Protein chains: 2
Amino acid sequence: MAMKQVASSAIKALANSGSSSVLTRQLHASPGSKKIVGVFYKANEYYEKNPNFVGCVEGALGLREWLESQGHQYIVTDDKEGPDCELEKHIPDLHVLISTPFHPAYVTAERIKKAKNLQLLLTAGIGSDHVDLKAAAEAGLTVAEVTGSNVVSVAEDELMRILILVRNFLPGHHQVITGDWNVAGIAYRAYDLEGKTVGTIGAGRIGRLLLQRLKPFNCNLLYHDRVKIDPELEKQTGAKFEEDLDAMLPKCDIIVINMPLTEKTRGMFDKDRIAKLKKGVLIVNNARGAIMDTQAVADACSSGHIAGYSGDVWYPQPAPKDHPWRFMPNQAMTPHISGTTIDAQLRYAAGVKDMLDRYFKGEEFPAQNYIVKEGELAPQYR
Amino acid sequence: MAMKQVASSAIKALANSGSSSVLTRQLHASPGSKKIVGVFYKANEYYEKNPNFVGCVEGALGLREWLESQGHQYIVTDDKEGPDCELEKHIPDLHVLISTPFHPAYVTAERIKKAKNLQLLLTAGIGSDHVDLKAAAEAGLTVAEVTGSNVVSVAEDELMRILILVRNFLPGHHQVITGDWNVAGIAYRAYDLEGKTVGTIGAGRIGRLLLQRLKPFNCNLLYHDRVKIDPELEKQTGAKFEEDLDAMLPKCDIIVINMPLTEKTRGMFDKDRIAKLKKGVLIVNNARGAIMDTQAVADACSSGHIAGYSGDVWYPQPAPKDHPWRFMPNQAMTPHISGTTIDAQLRYAAGVKDMLDRYFKGEEFPAQNYIVKEGELAPQYR
C-alpha cells in the first residue's frame with residue numbers, strides 16, 4: 001500500500017514539475033527506512049510531572065513507538081548550536097527535521113546544503129522563520145507547519161499580557177514577594193482596558209482570535225493587514241481596518257504584533273518608528289523578537305516612551321543572560337511559551353503525526369500547512 | 001435653597017420614620033458646616049506622577065476645593081489603626097466618613113458608639129464590609145457605596161488572574177528576571193483557558209461582566225447565586241445556573257469568588273470545602289480575603305490540591321509581612337488594587353461627590369447605592 005502511494009505521488013510530482021522552475025526534491029518517502037530528527041526543549045525533572053507533556057525531548061511528540069514500529073529511525077535532541085552539536089551530526093543523512101519555534105533549530109543555507117537527503121522540514125507549532133525559507137525553496141525542500149495548532153493558545157496569552165501591562169500587575173505582585181504593601185505605587189499607573197485603543201498589526205489567525213476575545217472589553221479596536229478581514233468578523237468585533245500602518249500606530253494605546261518574521265518585518269520597530277508611537281504606549285509581541293530593534297525597545301522602556309512591553313519571543317532563543325530585555329523597566333517578558341501549553345502540544349503533536357503519515361503514504365498535506373512547496377513561499381512569508 | 005431642602009428632607013424623614021423600627025439619625029445635613037473625614041491610602045512620591053491620581057490622601061478624591069468653598073471641614077488621612085490614630089481623633093465629632101476597601105477604615109460598633117455626630121458612611125468603591133453594618137443599622141446611620149463604579153475594573157482583573165494562573169505566567173517571568181531559560185519548567189503546567197470549566201460564585205454586577213468577557217474563550221461556564229441571571233444574558237454567555245454550590249464546585253477547573261463578605265460567607269472556604277474541590281483547581285478571589293480560611297488556602301497550595309491562587313484581597317489589610325499567602329507556592333497575589341485603577345478612581349470620586357451633593361441638598365441617593373438605609377441592610381448583606 002505504501003509503495004503504491006509513493007508511486008502515485010511520484011506521478012503527481014512529475015505532473016507538477018512543469019509549473020515549478022526549481023528542482024523539487026522528491027517530497028514523498030521513497031521505500032525503506034527514513035531518518036527523522038526532532039529538536040525540542042529538554043524537560044529533565046519536569047517530564048515526569050505531566051503524562052501529557054509530549055512537546056519536549058523526553059516526550060518526543062509521542063511519536064517514537066509509532067515511527068520505530070514502521071522501521072524508521074527517530075532521533076531527538078535539544079543540542080542544536082555550533083559545529084559539534086548533536087543536530088549537526090545528523091544533518092548529512094536526515095530525511096525529515098522536526099523543529100519548534102520554542103527552541104528553534106536554526107536551519108541555515110549552509111545546513112541545507114549539507115543535508116543531501118533532506119526532503120521535509122516540519123514545524124511543530126507555527127512560525128518557520130528559523131528556517132532559511134529562500135534556501136529551502138531553492139533546494140526544493142518542503143516546509144510545513146501545524147497551522148492553527150496553537151493560535152488559540154497565543155491569542156489567549158496576548159490578551160493576558162495586555163491586561164498585565166494595562167493593569168500594572170507585576171509591581172503589585174513584586175510587593176507581595178518583598179513583604180511590602182503600597183497600593184499607590186501600583187495604582188498611579190494602573191488603568192482599565194475598557195475604552196482604550198488597541199491595534200493589532202496583522203489580523204491573521206491569531207490576530208482575529210484576539211479581536212474576538214477583546215470585543216467584550218469595549219475597546220476601540222483597530223487592525224492593519226495586507227487585506228481586510230471577513231466583513232462578518234469585522235462587524236462582529238467592531239474592529240476598523242487601517243490600510244496605512246504608520247497612520248494607525250500613533251492612535252494606539254496598546255499595540256499587538258501579529259505578523260510573521262520576514263525580510264520586510266525584520267527590525268521594523270526601530271528607533272524612528274518607536275519615536276512616532278504615543279508616549280506611554282504598551283506593546284505586546286508574541287510574534288517574533290527580531291521584528292523589534294532590541295536596543296531601541298530597551299531604550300524606549302528606559303525613557304518611558306514605551307510604558308510597558310510584554311512578549312514571549314526574543315532573538316536569539318534561548319535569550320542570553322545579558323539580553324537587554326531582561327533588564328529594562330516595565331517588561332513582562334517570559335521565555336517562548338505561549339504556543340506550547342499542554343493543550344497546544346497535544347494538537348501540534350497530532351498535526352505532525354498526521355503530516356508524517358501523509359508523507360509516508362504519499363499524500364498531500366492540508367493546504368494551509370505549507371510554508372514552502374515546490375519552490376514557492378506561502379503568501380505571508382513573501 | 002439648601003435650607004429649604006433640608007426642611008423638605010426633614011419632613012421626608014419624619015414621614016418615613018413610622019416604617020422603621022430603629023432610631024434613624026437624621027440623614028441629611030442640618031444647616032451649617034459639616035465635618036467630613038476621608039481615609040485613603042497615601043501616595044507620597046507617586047502622587048505627582050499622574051494628574052488623575054485622585055484616590056489617595058493627597059488627591060483626596062478631588063473634593064477639597066469644592067467642600068471647603070461650601071464651608072465644610074475636610075480632613076483626610078491614612079492613619080486609621082489603634083487608639084491614637086488620626087481617624088480616632090475625629091470620630092467624636094465627624095458627620096461623614098468616606099472610606100475605601102483598598103485601605104479600609106474598620107468602622108466597629110465601638111467607633112460607631114463614640115461617633116455621636118456621624119450620619120453618613122460612604123464607601124469610595126464597592127464593598128462596605130469594613131463597616132459593622134448591623135451596628136450602623138442599629139445606630140440609624142446611612143451606609144452607601146458607589147455601586148458600579150469599579151465593577152468593570154474588577155471583572156477585567158479577574159480575567160487577567162484566570163489567565164495568569166491557567167497559563168502559568170509567573171514562573172516564566174521569574175526565569176527572565178533570574179537570567180534563566182527553561183521552557184519545560186513552565187510548559188509542564190501551562191494550559192489554555194479554552195475548554196476549561198469556570199464557575200463563578202456570585203453573578204452580581206462583577207460576576208456577570210466576567211461571564212461576558214469569558215464568553216469568547218469557549219469555556220464551560222457555570223454560576224451559582226441566590227437567583228438566576230437574566231435569561232437573555234444567560235443565553236448570551238451560555239452560562240449554566242447551579243443552584244447547589246457544593247454540587248457546582250467539584251466540576252470547576254477554575255473558581256472565581258464574586259460574593260460580598262457577610263456573616264454567611266465569612267470563612268466559607270475552609271479545609272473541608274477545599275478538600276471537596278477538584279485536585280489542581282485554580283482559585284481567583286478579588287472579593288474579600290476573609291471569605292477564605294487563610295491557613296486552609298495556604299496548606300492546600302502547599303499540598304498542590306489548589307494549583308494556583310490569585311487575588312488582591314486579604315484579611316487584614318494591609319496584609320502583614322508574615323501573612324501566609326505571601327509565602328505559599330503558585331500564588332499570584334497583589335495588594336488590593338483591582339478596583340482602584342485610575343479610571344475607577346475618577347468614577348468613584350465622581351460618585352462620592354454626587355452623593356455628598358445630594359446629602360447637602362437633602363436628596364435621595366441612587367437606590368442601588370444604599371447598603372444600610374433606615375435600619376435595613378441591602379439584600380446582598382443580609
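What you are looking at is a predicted structure, and each value in this text was computed from that prediction instead of being measured. Order of the sequence lines fixes the chain letters, A, B, ..., with proteins taken first and strands second; residue numbering starts at 1 for each chain.
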Colleague: For chain B, which candidate among A:N182, A:T178, A:L170 shows the most heavy-atom pairs at distances under 4.5 Å?
Modeller: A:L170

Colleague: Specify which of B:L209, B:N50, B:V166, B:I164 makes the most heavy-atom pairs with chain A at under 4.5 Å.
Modeller: B:I164

Colleague: If you measure from CD1 on B:I337 to CH2 on A:W181, what distance do you get to the nearest 0.5 Å?
Modeller: 10.0 Å

Colleague: For A:A43 and B:A184, work out which heavy atoms get closest and say how close.
Modeller: CA-CB, 3.4 Å

Colleague: Would one find more than 12 heavy atoms of other residues, nucleotides or ligands at under 6.0 Å from atom NZ of A:K278?
Modeller: yes

Colleague: Looking at B:D312 and A:R167, does any basic side-chain N land under 4.0 Å from a carboxylate oxygen?
Modeller: no

Colleague: At what distance, to the nearest 0.5 angstrom, does OG1 of A:T341 lie from OH of B:Y191?
Modeller: 9.5 Å

Colleague: With respect to chain A, which residue among B:F102, B:F217, B:F327 yields the maximal number of heavy-atom pairs within a distance under 4.5 Å?
Modeller: B:F217

Colleague: What part of B:I162 is in contact with chain A, defined as an atom under 4.5 angstrom from a non-hydrogen atom: side chain, backbone, both or neither?
Modeller: neither

Colleague: In terms of heavy-atom proximity below 4.5 Å to chain A, should B:K215 be classed as side chain, backbone, both, or neither?
Modeller: neither

Colleague: Among the options A:P318, A:P320, A:A319, pick out the one with the most heavy-atom pairs lying under 4.5 Å from chain B.
Modeller: A:P318

Colleague: Measure the spacing between CD1 of A:I186 and OG1 of B:T334 and express it to the nearest 0.5 Å.
Modeller: 6.0 Å

Colleague: I want to check something: taking the side chain as every heavy atom from C-beta on, are A:K196 and B:D343 in contact at a cut-off of under 4.5 Å?
Modeller: yes

Colleague: Of the backbone (N, CA, C, O) and the side chain (C-beta and beyond), which part of B:F53 lies under 4.5 Å from a heavy atom of chain A, both, or neither?
Modeller: side chain

Colleague: Considering only heavy atoms and a distance below 4.5 Å, find which of B:R189, B:Q175, B:M160 pairs most often with chain A.
Modeller: B:M160

Colleague: Is it the case that more than 12 heavy atoms not belonging to B:K80 sit under 6.0 Å from its NZ atom?
Modeller: yes

Colleague: Should the heavy atoms of other residues, nucleotides or ligands under 6.0 Å from CD of A:E48 be counted, would the total exceed 12?
Modeller: no

Colleague: Using heavy-atom distances under 4.5 Å, tell me whether A:L214 contacts chain B through its side chain, its backbone, both, or neither.
Modeller: neither

Colleague: Below 4.5 Å from any heavy atom of chain A, which atoms of B:Y41 appear? Answer side chain, backbone, both or neither.
Modeller: side chain

Colleague: Identify which of A:R213, A:K321, A:Q317 forms the greatest number of heavy-atom pairs closer than 4.5 Å to chain B.
Modeller: A:R213

Colleague: Taking every heavy-atom pair that is under 4.5 Å apart, which of A:S153, A:A332, A:A155, A:S310 has the most such pairs with chain B?
Modeller: A:S153

Colleague: Within the structure provided, determine whether A:V183 and B:H103 are in side-chain contact (heavy-atom separation under 4.5 Å).
Modeller: no

Colleague: A:P216 and B:P216: which non-hydrogen atoms are nearest, and at how many Å?
Modeller: CG-CG, 3.7 Å

Colleague: Report the distance from atom NE2 of B:H173 to atom CD of A:Q331, rounding to the nearest 0.5 Å.
Modeller: 5.0 Å

Colleague: Is the closest basic N to carboxylate O distance between A:D180 and B:R326 below 4.0 Å?
Modeller: no

Colleague: Quick check on the interface: out of B:P335, B:A190, B:G185, B:G172, who has the most heavy-atom pairs with chain A under 4.5 Å?
Modeller: B:P335

Colleague: Quick one: which of B:V176, B:L163, B:D192 has the most heavy-atom pairs under 4.5 Å with chain A, could you say?
Modeller: B:D192

Colleague: Measure the CD-OH distance between A:Q345 and B:Y188 for me, rounded to the nearest 0.5 Å.
Modeller: 13.0 Å

Colleague: For the candidates B:I177, B:D157, B:V152, which exhibits the highest count of non-hydrogen atom pairs separated by less than 4.5 Å from chain A?
Modeller: B:D157

Colleague: Quick check for you: among A:F40, A:W314, A:Y47, which has the greatest number of heavy-atom pairs under 4.5 Å with chain B?
Modeller: A:W314

Colleague: Could you tell me which portion of A:E45 (side chain, backbone, both or neither) has an atom closer than 4.5 angstrom to a non-hydrogen atom of chain B?
Modeller: neither

Colleague: Tell me if a side-chain donor or acceptor on A:E156 pairs with a main-chain N or O of B:E194 at a distance below 3.5 Å.
Modeller: yes

Colleague: Which bit of B:F169 comes within less than 4.5 Å of chain A, counting heavy atoms only: side chain, backbone, both or neither?
Modeller: both

